[in-house]
Structures are given as C-alpha cells and as structure tokens.
Amino acid sequence: MKKISIIIPAYNEEEALPMLYERLRKLMDQVTNYEFEILFVNDGSKDKTLSIIKALREKDERVCYVDFSRNFGKEIAMIAGLDYAKGDCVIFMDADLQDPPELIPELIKYWEEGYDDVYARRSSRKGETWLKKFTSKMYYRVLQSLTRIPIQKDTGDFRLLDRRCVNALRKLRESQRCSKSMFSWIGYNKKEVLYERDPRIAGSTKWNYRKLIDLAIDGITSFTTSPLRISTYLSIPTFLALFFYFVYVIIKCIVTSTFIQAYQAIILLILFFSGVQILLFGIIGEYLGRIFNETKNRPLYFVNEYNGEKEKNEN
Ligand code: UDP
Ligand code: MG
C-alpha cells in the first residue's frame, strides 16, 4: 500500500488542532486504499500544541511529530517535515483548516495520473483583508517579472508532492528559504486544482506585515539576482546624459565662441563620476550575484526520466 504523509507545521495552534484532527480522521477513514501519516512539525509553540499532538499520538499511531527546539518559522518547519516524512508522497497543509482536507482525494487522483506536483490554487480567499489580497497579487507579479521560471499564481503551500520532488527539495539546503519559488524551481510535472480558501477556523494568524515583507524579500533575493543589475542599468542613462550634454556644450561653445562655463563643467563632472560609480557598483553586483549563486550550493539540475524510468533523486 502506498503511504501518504500529511505535513502540518504548527505554531500555537492548540485551538485548531482537535478540529483539524477530526476532519483528517474522517478523510483517512474514507480513503482506505492508502496508508496515512500525519506529521506535525511543532515549531516551538508556547501553548499546549505539543501536548495535544502527543495525546493524539496516544490514540492514533498515524500521528507523528517533529518537535523543534524553538520557533524556526514555517519555512524551516516545512523542510524538516520533508526530511522526516516517510510517505511516497507528501501533502503540505496549514493547521488552521484554511486548506480543506476534503480536497486531498482530488490531489491524490492527479498524483496517480502521474503528476508530481499537484498544487491547489485559491479561487477565493475568504476572511482576508483586501490589502492582504492586493499585496499578495502584486508580489506574484513582481516575482514573475524578475525571473524566467514560471511561478504559480495564487497558490499557498497546500500541495501534494511526489517522493522525487521531496528528494529534490531536500537537496536545496539554503537557510533563507522561500518554498514557493523552490517548488517552481525544481520543475517536474505540475497540475493545478482550484479550491475555495476558507477563513482560519480558530486562533489568530501568525503572520504580520513585517514577516510577510521579510518573506517577500527572501523570496526575491533567494530566487534571482536581478535586483543587483539595477546599478548596471542605471549607469546607461547617466552616461547617455553625459554624452549628449557634452556634445551640446562643445557645440554651443564653438557656435557662440565662448569658453566653457563653470556650471557646465560641474554638471559634466557630476554626470561623469556618478556614471562611473554606478557602473562600478553594477560590476560589483554582478560578481556578488555569482558568489551568491555559487554559495547556495544547489545541484545544477534534476533529471525527470532516464531511459523511460522516472528518476527518483536518491543519493
Ligand atoms: N506557522 C509555523 N511557524 C510560524 C508561523 C506559522 O509553523 O512561525 C504555521 C501555522 O501554525 C500554520 C501555518 O504555518 O499552520 C500558516 O500560518 P498562518 O495561518 O498563521 O498564516 P496565514 O494562513 O495567515 O498566511
Ligand atoms: Mg492561515
């Protein structure tokens, strides 16, 4: 029987856990042709989350957990989940039931059809402010415009990943993680499933705008070095301005047969040196970008199939 690991990062989720477990248990009773594992990653919760998980494990062998020594953040909890999951595929879910477990059979169906990364796309987001919806939409736009790798819009972390995607993700061991961009980066066969995102069932969101901004910056900077290129691009108009102003001043001096004026010389000097400086910054940025990419130590590629056999990414 194939095994499915449901990975759930949990941080101060004592109120949501009992309801979450109930919904999952119902689901597991329905889907009988698979073995299930519910893997909680307790991300340094300060409330009774851990003892609730332990109690659930007493009742139900299928509940497993990884307990962190402190709060490391959801991204790190997710990679730990991947490291400890034993399933042939994993499903990421939030603890707050914003991702309906009832969608899981559909995810599994597409997995059985041969897709490696079945991700749930939100068709609506109930209980979230327009500002959050708007900023998240803009963020996808910006991220996509900075890179050539296609990024899935309006997807959270609710998705099913085949074992080989899990193994691929486990090879990306950088510390400032942005799962969203990593899911895109590894590639493989992706399939979209639409769903309605429910409001959080209990407790309060662990996110605030500072965390979201941090995540957004990590996402962009861990994914692409193109912001470093801003300098290089800025130097081009500066040098063009220098050139045209220089030609203009020389011609004016010749035509009116006057000497070059002090203010004109100053403008020319400013344009010249700022151009040189911006260009040098750009060059440093280019090298910095290369160092950055190399120090990530990522494998250079993953193989989808070899001689008709699916590559499993095992070491
Ligand atoms: N979470 C976590 N560590 C954190 C913050 C959040 O493991 O430092 C978990 C949280 O328990 C939940 C999931 O990440 O299962 C999503 O968090 P939340 O619902 O607060 O985020 P939102 O849905 O508002 O983006
Ligand atoms: Mg939530």
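Given the structure is predicted, the values throughout are model-derived calculations rather than measurements. The figures here come from the full heavy-atom set of this structure, side chains too, leaving out hydrogens, waters and symmetry mates. Each ligand, and each atom within it, is numbered from 1 in the order the structure gives.
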* Asked: Under the criterion side chain to side chain contact (heavy atoms under 4.5 Å, CB included), which of I7, L24, D157 is the partner of M93?
  -> L24
* Asked: Could R159 and D117 be called an ion pair, given the rule that one side-chain N must be under 4.0 Å from one carboxylate O?
  -> yes
* Contact check: D96 to the Mg ion (ligand 2), N/O/S below 2.8 Å -> yes
* Structure fact -> closest protein heavy atom to atom 19 (O) of ligand 1 is D96 OD2, 2.5 Å
* **Where V90 and A85 come nearest, the two heavy atoms and their spacing** => CG1-CB, 3.7 Å
* Shortest protein heavy-atom distance from atom 5 (C) of ligand 1, along with the residue and atom involved -> K206 CB, 3.5 Å
* Asked: Judging by distance only, is a nitrogen or oxygen of A77 under 3.5 angstrom from one on ligand 1?
  -> no
* Looking only at protein heavy atoms, which one is nearest to atom 22 (P) of ligand 1, and how far off is it? -> W207 CD1, 3.2 Å
* When you check the gap from the basic side-chain N to the acidic O, do E112 and K2 get nearer than 4.0 Å? -> yes
* To do: Using a strict cut-off of less than 4.0 Å between a Lys/Arg side-chain nitrogen and an Asp/Glu carboxylate oxygen, indicate whether K54 and D67 qualify as a salt bridge.
  => no
* Structure fact -> the protein heavy atom lying closest to atom 24 (O) of ligand 1 turns out to be T205 OG1, 2.7 Å
* Asked: If hydrogens are left out, which of L17, N42, D43 has an atom nearest to atom 4 (C) of ligand 1, that is, the closest non-hydrogen atom?
  -> D43
* **Qualifying residue, where the test is side chain to side chain contact (heavy atoms under 4.5 Å, CB included) with I104 and the options are I4, L160, L27** => L27
* To do: Give a yes or no on whether a salt bridge exists between K26 and E102, defined as a side-chain N under 4.0 angstrom from a carboxylate O.
  => no
* Near P9, which atoms of ligand 1 are under 4.0 Å from a heavy atom of that residue? -> 7 (O), 9 (C), 10 (C), 11 (O), 12 (C), 15 (O)
* Asked: What protein heavy atom sits nearest atom 14 (O) of ligand 1, and how far away is it?
  -> K74 CD, 3.2 Å
* With a cut-off of 4.0 Å, which atoms of ligand 1 are near a heavy atom of E13? -> 10 (C), 11 (O), 12 (C), 15 (O)
* **Which residue and heavy atom of the protein sit nearest atom 16 (C) of ligand 1, plus the separation** => D94 OD2, 3.3 Å
* atom 18 (P) of ligand 1 [closest protein heavy-atom partner, distance rounded to 0.1 Å] -> R200 NH2, 3.4 Å
* To do: Let me see the working for E13 and T49 under side-chain hydrogen bond (donor to acceptor under 3.5 Å, both in side chains), right down to the final yes or no.
  => CA-CA 6 Å; E13 298 283 4; T49 301; over 6 Å; no
* Near N71, which atoms of ligand 1 are under 4.0 Å from a heavy atom of that residue? -> 3 (N), 4 (C), 8 (O)
* To do: Could you tell me which atoms of ligand 1, counted from 1 in the order shown, lie closer than 4.0 angstrom to a heavy atom of G73?
  => 3 (N), 8 (O)
* Should the ring pair W130 and F134 be called parallel, tilted or perpendicular, given that the plane angle runs from 0 to 90° and is split at 30 and 60? -> tilted
* **Protein heavy-atom partner closest to atom 1 (N) of ligand 1 - residue, atom, separation in Å** => Y11 CB, 3.8 Å
* Asked: Would you call the rings of F68 and F72 parallel, tilted or perpendicular if under 30° counts as parallel and over 60° as perpendicular?
  -> perpendicular
